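The chain is numbered in sequence order, starting from 1. Keep in mind the model is a prediction, meaning the values are calculated, not measured.
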Amino acid sequence: MASSSSTYRSSSSSDGGNPSGSVVAVDDRKRKRMLSNRESARRSRMRKQKHVDDLTAQINQLSNDNRQILTSLNVTTQLYMKIQAENSILTAQMSELSTRLESLNEIVDLVTSTTNVGGGIDQIDGCGFDDRTVGINCDGYYDDMMSGVNLWGGSVYSNQPIMANDMMNMY
């Protein structure tokens, strides 16, 4: 403002003391400056509004992306839990099958050792039974190793289904 007042003084002194012409020039400059400031403020508001609109659009896009990621995460978590349950069932079945295999290997060892009669195996009553395969039951009679064998097709236990425990499905 100091420059405008000094301009006013210099113009008034050059005009020969006629202040009305210089006042009009100052008013015109003030009006132009006000219009320029208004236009600049309008452009600034428009830029600000555009920035706010861009940020709002970005928020909407990120919210959609976040929603899709959460959906994908939920699906993946459910699939993981299903696979984990199947893995638990398979682990239980493997354990059961390993136990059965060990039992079958013991039976095979017993059968092969009883066919080797006279090879240094202790016998009971000279009948050719290995004393490890024959026991005395509660009635005082001998139990033979054939008690667990089905005469029509092998072991009684060979056709038993493998069932997983219901507790495994909880996890």
Does a side-chain heavy-atom distance below 4.5 Å link R100 with S103? no

Between the OG1 atom in T76 and the CD1 atom in I69, the distance rounded to the nearest 0.5 Å is 11.5 Å

Taking C-beta and beyond as the side chain, do I89 and E86 meet within less than 4.5 Å on heavy atoms? no

Gap separating the CG atom of D54 from the CZ atom of R47, nearest 0.5 angstrom: 13.5 Å

For residues N74 and Q78, is any side-chain donor paired with an opposing acceptor at under 3.5 Å? no

Is there a donor-acceptor pair closer than 3.5 Å between any side-chain N or O of S113 and the backbone N or O of D109? yes

How many angstroms lie between atom CE of M81 and atom CG of N87, to the nearest 0.5 angstrom? 14.0 Å

Checking the side chain of S36 only, and the main-chain atoms of K32 only, is there a donor and an acceptor separated by less than 3.5 Å? no

Spacing of OG belonging to S44 relative to CD belonging to E39, to within rounding of 0.5 Å: 11.5 Å

Using 0.5 Å steps for rounding, measure from the OG1 atom of T112 to the CD1 atom of I107. 11.5 Å

Short side-chain to backbone donor-acceptor contact, S95 and T91, under 3.5 Å: no

Would you give the length of the straight line joining atom CG of N60 to atom CG of L55, rounded to the nearest 0.5 angstrom? 11.0 Å

Heavy atoms, side chains only, cut-off 4.5 Å: are D28 and V24 in contact? yes

Less than 4.0 angstrom from a charged side-chain N to a carboxylate O is my criterion; do D27 and K30 meet it? no

Please identify each residue that fulfils side-chain hydrogen bond (donor to acceptor under 3.5 Å, both in side chains) with Q61, with sequence neighbours left out. D65

Please check this pair: side chain of S72 against backbone of Q68, looking for a donor-acceptor N/O pair closer than 3.5 Å. no

